[in-house]
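What follows is a set of notes on a single structure, which appears directly below.
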Amino acid sequence: MQFTAKVTDILKQRSACAILPVDNKNRLSDSGSALDKANGGLLSKILKRGDLGSAAGSTLMVPTIEGGAERALLVRTSKTPISQAEFRKVANSSATAVTSLKDASSYLVEVPVTDADATWQAAQTALAAGLASYKFTRCHSDAKPNALAKFTVHAADKKQLKGVQKGVELGGGQALGSNVARELGNLPGNICTPSYLVGEAKALAKKHAKLSTSVLDNKKMESLGMGSFMSVAKGSDEPAAMIAMNYKGGKAGQKPIVLVGKGITFDTGGISLKPGAAMDEMKFDMCGAASVFGVMNALVEMNAPVNVVGVVAAAENMPSGRASKPGDIVTSMSGKTIEILNTDAEGRLVLCDALTWAGKFKPSVVIDVATLTGACVIALGHHATGLYANQDKLANDLIAAGETSGDRAWRMPLWDEYQPMLNSNFADMQNIGGREAGSVTAACFLARFAEDYNWAHLDIAGSAWKSGAAKGATGRPVPLLLQYILNKK
Ligand code: BES
Ligand code: MN
Ligand code: ZN
């Protein structure tokens with residue numbers, strides 16, 4: 001999708017559709033009023049008839065004769081200024097309504113929004129359009145992608161244009177990154193294997209001079225002492241991989257932000273086999289890794305002036321004659337020993353070695369992203385990502401980035417009081433903490449491997465994908481991560 005920010009004259013700006021806000025009193029914004037006038041009051045007459053629903057986000061497509069657009073999409077708001085949440089709703093529903101058209105121009109920046117500027121509105125508008133245009137077609141024999149390929153965000157004047165431009169760049173990048181993550185997440189486990197992810201990382205490096213990719217194979221990981229990671233990898237016939245995508249867009253001496261993604265390309269549970277119901281959804285157990293790919297793709301596309309390393313811990317969790325058994329004890333790269341009481345708690349086993357390895361990049365911060373626990377879904381449902389951090393500033397910055405982008409996280413406790421739940425009689429720790437506070441004890445486990453740097457952990461088990469009729473990866477938390485990274489530059 002191609003995004004443009006532009007000062008447009010609605011009577012001249014050519015497009016298949018102009019997206020026009022209408023308030024609770026049927027009032028059009030400036031551009032909408034101009035188009036209405038040029039069409040002899042067509043829009044205001046239709047609005048008077050009551051054809052546009054009264055609920056915020058309701059839409060009505062109206063063919064137009066005069067002006068540059070072939071159609072107008074009327075979209076309802078409530079009394080202005082509207083809330084940020086309502087603006088998102090309006091941006092999403094109007095974007096969804098134009099996906100079958102080849103292009104659209106949006107005038108939503110003309111809606112007054114509480115505590116938001118044109119830059120924010122432009123970013124959210126572009127993000128919504130980019131997300132709406134995505135469709136998974138790769139494995140269908142006859143599906144066509146959505147038509148929407150060009151999207152213009154209108155700015156009122158030259159003065160506003162700079163801000164709108166900035167917003168469109170950010171929102172466009174967030175959408176691109178999210179859609180990369182969604183595509184990888186949606187791919188089935190027989191296509192998206194650890195080796196497939198290696199191929200994607202190498203292809204990205206080939207295309208962009210500022211990004212380089214390095215890969216550790218099983219042999220190398222064994223020699224580095226990643227006994228915890230390898231205890232998961234060894235149950236599968238698919239070779240595992242530790243991938244690093246190193247993007248150097250910032251100053252040479254600037255310490256990088258390191259992102260670490262859980263990349264379990266399929267999680268059967270291993271010998272602690274999962275029940276069959278909905279097990280297909282465990283193809284999404286690499287959505288943390290997918291979000292790292294999404295962010296790296298967006299950064300190179302945006303030519304962002306930052307240093308970021310994307311680490312992906314890729315493996316398949318399978319039961320086999322070579323798989324780990326409950327009670328097995330392994331030694332992690334850090335030297336700490338782990339009693340594996342449940343082979344289905346594999347995410348922390350691959351991540352702990354990835355976190356130790358991440359230290360070699362001398363990071364300013366490390367943020368891991370993982371579909372780590374079903375318990376996080378029980379605690380927070382599907383709206384919030386679970387956030388843990390060993391530093392308050394990092395936690396607050398990530399929460400703020402989530403609020404701004406609409407990709408929200410909620411902080412959970414990482415208190416020492418929880419740590420004894422991981423005590424083992426036979427090793428330094430065990431890999432599960434019991435039934436209670438399952439998301440917290442998983443984070444506590446990871447914290448033991450992240451003591452040397454500022455670290456945050458995002459448990460995206462509830463936010464990374466949707467089940468049911470709209471089953472599919474969401475691309476979260478790519479918008480949050482990009483907002484955080486680009487806020488810092
Ligand atoms: N990938 C799962 C977590 C998961 C489960 C995410 C369901 C989303 C939906 C993870 O590897 C796992 O199986 N975790 C176990 C941990 C338990 C054995 C301590 C879980 O949550 O049940
Ligand atoms: Mn598991
Ligand atoms: Zn898992």
Side-chain angles (χ1 to χ4, degrees), residues 185 189 192-194 197 228-229 231-233 235-236 238 240 260-291 312-319 323-328 338-354 368-386 388 412 418 421-424 429-446 457-468 471-474 476-477:
C192 187
T193 58
L197 293 178
S228 185
F229 185 110
S231 77
V232 176
S236 170
E238 292 288 345
V260 178
K262 172 180 172 182
I264 299 296
T265 58
F266 196 84
D267 181 13
T268 65
I271 296 300
S272 312
L273 194 65
K274 285 184 180 294
M279 205 209 271
D280 67 291
E281 296 192 8
M282 283 299 113
K283 73 173 182 177
F284 294 121
D285 211 19
M286 38 58 73
C287 280
S291 75
V312 165
E316 191 182 59
N317 188 22
M318 295 291 277
S324 296
K325 305 168 294 295
D328 285 1
I338 303 160
E339 184 188 15
I340 301 171
L341 287 182
N342 190 321
T343 64
D344 197 11
E346 86 296 341
R348 63 200 78 181
L349 295 176
V350 300
L351 286 173
C352 69
D353 281 341
D368 78 69
V369 192
T371 50
L372 202 61
T373 63
C376 190
V377 191
I378 302 301
L380 296 173
H382 299 285
H383 300 295
T385 290
Y388 298 83
M412 302 275 283
Y418 290 100
M421 292 171 81
L422 295 169
N423 288 350
S424 160
M429 70 194 88
Q430 56 191 40
N431 79 327
I432 54 171
R435 217 169 60 82
E436 297 170 358
S439 176
V440 181
T441 52
C444 285
F445 180 97
L446 296 180
H457 158 59
L458 297 171
D459 193 333
I460 56 166
S463 55
W465 77 89
K466 288 187 172 133
S467 310
K471 192 193 284 183
T474 60
R476 293 178 65 183

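Counting convention: from 1, in listed order, for ligands and their atoms alike.
With a 4.0 Å cut-off on non-hydrogen atoms, Phe445 does not touch ligand 1 at all. In Ile264, neither the side chain nor the backbone holds a heavy atom less than 4.0 Å from any atom of ligand 1. By the criterion of a heavy-atom distance under 4.0 Å, neither the backbone nor the side chain of Met279 is placed next to ligand 1.
Near the Mn ion (ligand 2), less than 2.8 Å away, sit the protein N, O or S atoms Asp267 OD2, Asp344 O, Asp344 OD1, Glu346 OE1.
A distance-only check finds a donor-acceptor pair linking the side chain of Asp459 to the backbone of Leu372 [under 3.5 Å]. Panel note: side chain Ser228, backbone Leu349; a donor-acceptor pair is recorded below 3.5 Å. One N or O on the side chain of Thr343 and one on the backbone of Gly269 form a donor-acceptor pair closer than 3.5 Å. Remark: the backbone N or O of Ile340 is not paired with any side-chain donor or acceptor of Asp328 at under 3.5 angstrom.
Residues Ser236 and Asn317 have side chains that never bring a donor and an acceptor to within less than 3.5 angstrom of each other. In this model, a donor atom of one side chain and an acceptor atom of the other lie less than 3.5 Å apart for Ser463 and Thr385.
Inclusion of Glu346 in the set of residues having an N or O under 3.5 Å from an N or O of ligand 1 is warranted. Residue-to-ligand polar distances place Gly374 within reach of ligand 1: an N/O pair is separated by less than 3.5 Å. Taking any N or O of Asp267, backbone or side chain, at least one lies under 3.5 Å from an N or O belonging to ligand 1.
Of the protein's heavy atoms, at least one falls inside 4.0 Å of atom 1 (N) of ligand 1.
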Does the pair Leu341 and Ser272 meet the rule for a side-chain contact (heavy atoms from CB on, under 4.5 Å), with working shown? CA-CA 9 Å; Leu341 287 182; Ser272 312; over 6 Å; no
Determine, stepwise, if the pair Asp285 / Glu346 fulfils side-chain contact (heavy atoms from CB on, under 4.5 Å). CA-CA 11 Å; Asp285 211 19; Glu346 86 296 341; 3.0 Å; yes
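Looking only at protein heavy atoms, the nearest one to atom 7 (C) of ligand 1 is Met282 CE, 3.6 Å. The single protein non-hydrogen atom nearest to atom 18 (C) of ligand 1 is Asn342 ND2, 3.4 Å, given as residue, atom name and distance. Protein heavy atom nearest atom 12 (C) of ligand 1, with residue, atom name and distance: Asp344 O, 3.2 Å. Closest to atom 8 (C) of ligand 1, if we only count protein heavy atoms, is Trp465 CH2, 3.3 Å. For atom 6 (C) of ligand 1, the nearest non-hydrogen atom of the protein is Ala461 CB, 3.6 Å. Looking only at protein heavy atoms, the nearest one to atom 16 (C) of ligand 1 is Arg348 NH2, 3.9 Å. With hydrogens left out, the protein atom closest to atom 10 (C) of ligand 1 is Leu372 O, 3.3 Å, a heavy atom.
Comment: Lys262 does not engage Asp368 in a salt bridge, judged by the lack of any side-chain N to carboxylate O separation of less than 4.0 angstrom. A salt bridge does not link Glu316 with Lys283: none of the charged nitrogens is closer than 4.0 Å to a carboxylate oxygen.
Each protein N, O or S atom less than 2.8 Å from the Zn ion (ligand 3) was counted, giving 4.
Between Leu197 and Cys192 the shortest side-chain heavy-atom distance falls below 4.5 Å. Counting heavy atoms from C-beta outward, Phe445 and Asn431 have side chains that approach closer than 4.5 Å. The closest side-chain heavy-atom distance from Met286 to Ile264 is not below 4.5 Å. For the pair Met412/Leu380, a side-chain contact is recorded, criterion being any heavy-atom separation below 4.5 Å from C-beta on. Between Glu339 and Met429, every side-chain heavy-atom pair lies at or beyond the 4.5 Å cut-off.
Atom OG1 of Thr265 is separated from atom CE of Met318 by 9.0 Å, given to the nearest 0.5 angstrom. Note that CD of Glu436 and OG1 of Thr441 are 10.0 Å apart. Values are rounded to the nearest 0.5 Å. Of the inter-residue distances, the one linking His457 atom NE2 with Cys444 atom SG reads 9.5 Å to the nearest 0.5 angstrom.
The distance from ligand 1 to the heavy atoms of Lys262 drops below 4.0 Å at these ligand atoms: 1 (N), 10 (C), 11 (O). Less than 4.0 angstrom separates some heavy atom of Ile432 from each of these atoms of ligand 1: 19 (C).
Every heavy atom of Glu281 sits 4.0 Å or more from the atoms of ligand 1.
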